[in-house]
Amino acid sequence: MTLLDQFQKMLMTAGLPDWAAYLVPALVGIILIIAVSLTLVIIFIWWERRLLGRFQLRLGPNRCGPEGILQPVATGLKLLLKEDIVPAKADKILHFLAPIVVFVPVLMIFAVVPVSEGAILANLNIGIVYVIAISSISTIGIFMAAWGSSNKFALISGMRTVAQMVSYELPVVLSIVGVGLVTGSFSMLSIVQAQSIPFILLMPLGGVIFFLGCLAEMNRSPFDLLEADSEIVAGYHTEYSGMKFAMFFMGEYGVALAYSAVIATLFLGGWSGPLLPPVIWFLIKVVLVFSFTVWMRATLPRLRVDQLMSFAWKGLLPMAVINLVIIAIEVLVVPASMLWLMVILNFAFAAVLVLLWSRLFTLGGGRVEV
Amino acid sequence: MLDLIFYLLAVIALAASIAVIMVRDIFRAALCLIMLFMSVAGFFLLLHADFLAIVQVLIYVGAISILIIVAIMLTRDARHGLPLDNYKYWAGAVGLLLLIALAYGILNTTFTLPGTAPLEQTIQPIGQQLFGNGYVLPVEIAAVLLLSAILGAIAVLRDK
């Protein structure tokens with residue numbers, strides 16, 4: 001029983017008509033999601049810029065407000081006041097709708113992320129499949145932007161989106177199936193409750209594959225080929241300015257936040273942890289995952305398109321399949337009381353597989369030898 | 001309440017499907033098709049088939065429509081529509097035949113509602129039905145068929 005369900009029951013007993021008792025909790029949930037996620041996105045933008053500053057031995061934004069926390073607000077204001085430019089040859093309707101189609105699914109992901117026991121908007125029994133399905137809608141928004149602005153760079157970026165999204169969805173889904181096998185359910189609540197040992201320890205390879213796939217799905221470095229500024233200006237949002245660009249920007253960080261939350265839920269044990277209240281634990285884990293992605297952005301150079309594709313199809317996909325088969329066999333053979341055996345086995349398998357595959361991807365002379 | 005949602009979805013679905021054939025810009029037509037897929041997912045939700053609804057979004061919106069869009073992007077001069085006029089009458093005839101067949105099928109089917117309450121957990125029963133009750137072979141054959149299609153595509157496209 002989630003908190004919203006209880007709220008709905010309370011309204012029912014208070015004598016509200018049926019439709020109102022249904023509508024009011026829904027509206028409250030929607031407003032909660034928008035408020036919390038937008039606030040977190042603003043904080044995350046600041047956090048990333050500060051962290052990047054530290055990684056690159058500079059200060060980062062530190063002028064607006066204490067430690068520069070108000071910098072994203074200033075940036076937002078600046079973007080709001082900017083002129084909204086629409087290219088003359090653009091498809092006006094698509095150009096207008098694209099930022100919305102990118103942004104709304106991001107907010108919808110948060111509906112199934114459990115912040116603590118019962119603090120989840122909709123406890124779907126297909127929670128994680130819902131996340132995958134909803135996040136694939138954003139791709140269409142990127143396409144609409146790419147096609148609608150009738151710009152060659154944007155179009156190239158759109159083609160790259162397809163290649164990237166379609167190929168990285170497979171390893172992501174396969175590693176989720178591993179989680180489903182151990183849990184016996186796809187509901188986010190039961191996945192968290194099933195983690196007596198965090199799944200990152202129980203299936204390290206699955207966790208790493210899921211993390212890398214998610215990095216590609218949220219278009220972050222080193223997989224940010226969609227907006228590779230040294231190659232295609234700014235990719236699909238080349239022709240966007242003002243508030244519409246801000247929507248894309250927020251959508252990008254919103255996806256990063258959402259996937260950090262999903263990774264924390266699936267592999268790091270979600271809200272569970274000793275001493276501190278569950279919400280704090282959840283936030284700590286989300287910030288940890290997000291900081292890790294920032295670390296990767298500061299460290300690794302961007303991949304080339306062919307490297308990106310061969311990494312997905314020749315690297316992650318076979319590893320994900322082997323990982324899935326191993327986990328399936330272990331779920332059948334290893335008794336539930338001997339989970340530590342599974343931890344040891346999976347770490348051994350992960351080490352062997354990663355070593356084997358790293359021999360396939362030796363870098364030499366600027367091209368990948370596969 | 002549910003009736004209202006149904007009629008809303010029906011209007012959206014009909015408008016989208018008419019737009020698919022009437023809109024001249026083929027990219028917009030593809031986007032209208034996506035809208036139709038989304039409203040079909042909504043119908044599944046109304047029928048308490050949440051897994052089907054999600055799969056509808058995942059497969060049709062996330063994969064098939066993207067394939068269509070990529071095909072459009074790779075087509076030259078797609079923006080001005082296609083010179084379909086050569087096939088106008090043939091297309092009309094085929095469409096009419098399809099319409100008659102579909103109408104005949106739908107009108108002659110009696111749609112029954114199940115008397116039982118919808119299930120809370122939908123994935124486990126679907127999985128058990130698919131893999132436990134003798135449907136294993138069809139499922140696996142479908143998988144092999146898809147695999148052979150992929151291999152065929154690679155064989156055709158591979159440069160010698």
Side-chain angles (χ1 to χ4, degrees), chain A residues 17-23 89 91-94 97-98 101 105 108 112 122-144 146-148 150 154-163 165-166 169-170 173 180-181 183-187 190 217 313, chain B residues 1-5 19 23-35 37-38 41 44-45 48-75 78-80 118-128 131 147 150 154:
Chain A
D18 235 18
W19 58 270
Y22 182 79
L23 212 62
K89 278 198 168 178
D91 191 328
K92 302 283 184 316
I93 301 173
L94 296 190
L97 282 178
V101 177
M108 285 171 76
V112 292
N123 183 22
L124 305 178
N125 74 74
I126 42 170
I128 186 61
V129 192
Y130 167 88
V131 171
I132 299 293
I134 290 296
S135 61
S136 69
I137 298 177
S138 286
T139 317
I140 289 166
I142 293 178
F143 256 125
M144 285 164 72
W147 180 268
S150 68
L155 209 56
I156 293 173
S157 158
M159 300 306 287
R160 286 183 176 183
T161 318
V162 185
M165 294 292 180
V166 171
E169 215 160 46
L170 295 171
V173 171
L181 274 179
T183 314
S185 164
F186 279 133
S187 145
S190 16
E217 298 264 310
W313 290 101
Chain B
M1 183 81 183
L2 286 182
D3 280 351
L4 188 75
I5 296 175
V23 171
R24 201 67 188 144
D25 187 332
I26 195 164
F27 191 81
R28 285 191 187 174
L31 290 177
C32 291
L33 192 66
I34 293 171
M35 204 142 94
F37 290 149
M38 294 293 280
F44 282 137
L45 275 185
H48 293 280
D50 51 356
F51 183 68
L52 268 186
I54 288 301
V55 167
Q56 168 85 13
V57 173
L58 192 62
I59 306 285
Y60 282 87
V61 178
I64 290 184
S65 60
I66 287 196
L67 264 185
I68 295 174
I69 291 175
V70 171
I72 292 171
M73 277 186 162
L74 294 175
T75 316
R79 179 151 284 196
H80 312 297
L119 295 165
E120 272 296 309
Q121 298 282 324
T122 43
I123 299 187
Q124 285 95 339
I126 290 175
Q128 275 153 11
F131 291 99
L147 182 66
I150 295 171
I154 293 172

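Below, chains carry the letters A, B, ... as their sequence lines are ordered, and counting in each starts from 1. As a basis for the values below, the full set of heavy atoms in this structure was taken, side chains included, without hydrogen atoms, waters or symmetry mates.
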Please list, one pair per line, the donor and acceptor atoms closer than 3.5 Å that link side chains of residues 132-143 of chain A to other protein atoms, with sequence neighbours excluded.
residue: A:S135; atom: OG; partner: A:V131; partner atom: O; Å: 3.0
residue: A:S135; atom: OG; partner: A:I132; partner atom: O; Å: 3.1
residue: A:S135; atom: OG; partner: A:Y259; partner atom: OH; Å: 3.0
residue: A:S136; atom: OG; partner: A:A133; partner atom: O; Å: 2.6
residue: A:S138; atom: OG; partner: A:V102; partner atom: O; Å: 3.3
residue: A:T139; atom: OG1; partner: A:S136; partner atom: O; Å: 3.1

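The contact between B:I34 and chain A is made entirely by side chain atoms (from C-beta outward), counting heavy-atom distances below 4.5 Å. Contact annotation for B:I54: both backbone and side-chain heavy atoms come within less than 4.5 Å of a heavy atom of chain A. In this structure, the portion of B:L31 lying under 4.5 Å from any heavy atom of chain A is its side chain and not its backbone. When heavy atoms are compared at a cutoff of 4.5 Å, A:I126 approaches chain B by way of both its backbone and its side chain.
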* To do: Report the C-alpha separation of A:M165 and B:I66 in whole Å, then their side-chain angles, then the decisive distance to 0.1 Å, and conclude whether the side chain to side chain contact (heavy atoms under 4.5 Å, CB included) test is met.
  => CA-CA 10 Å; A:M165 294 292 180; B:I66 287 196; 6.0 Å; no
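Looking at B:Q124, its side chain does come within 3.5 Å of a backbone N or O of A:G184 through a donor-acceptor pair.
Under a cut-off of 6.0 angstrom, the local environment of CD1 in B:I64 is crowded, with over 12 non-hydrogen atoms contributed by other residues, nucleotides or ligands.
The side-chain heavy atoms of B:F27 and A:D91, taken from C-beta on, include no pair separated by under 4.5 Å.
Annotation: the span from B:I69 atom CD1 to A:W147 atom CH2 amounts to 10.0 Å, rounded to 0.5 Å.
In terms of the ring-ring contact (aromatic ring centres under 6.0 Å, His included) criterion, residue partners of B:Y60 (sequence neighbours excluded) are, by chain and number, B:F37.
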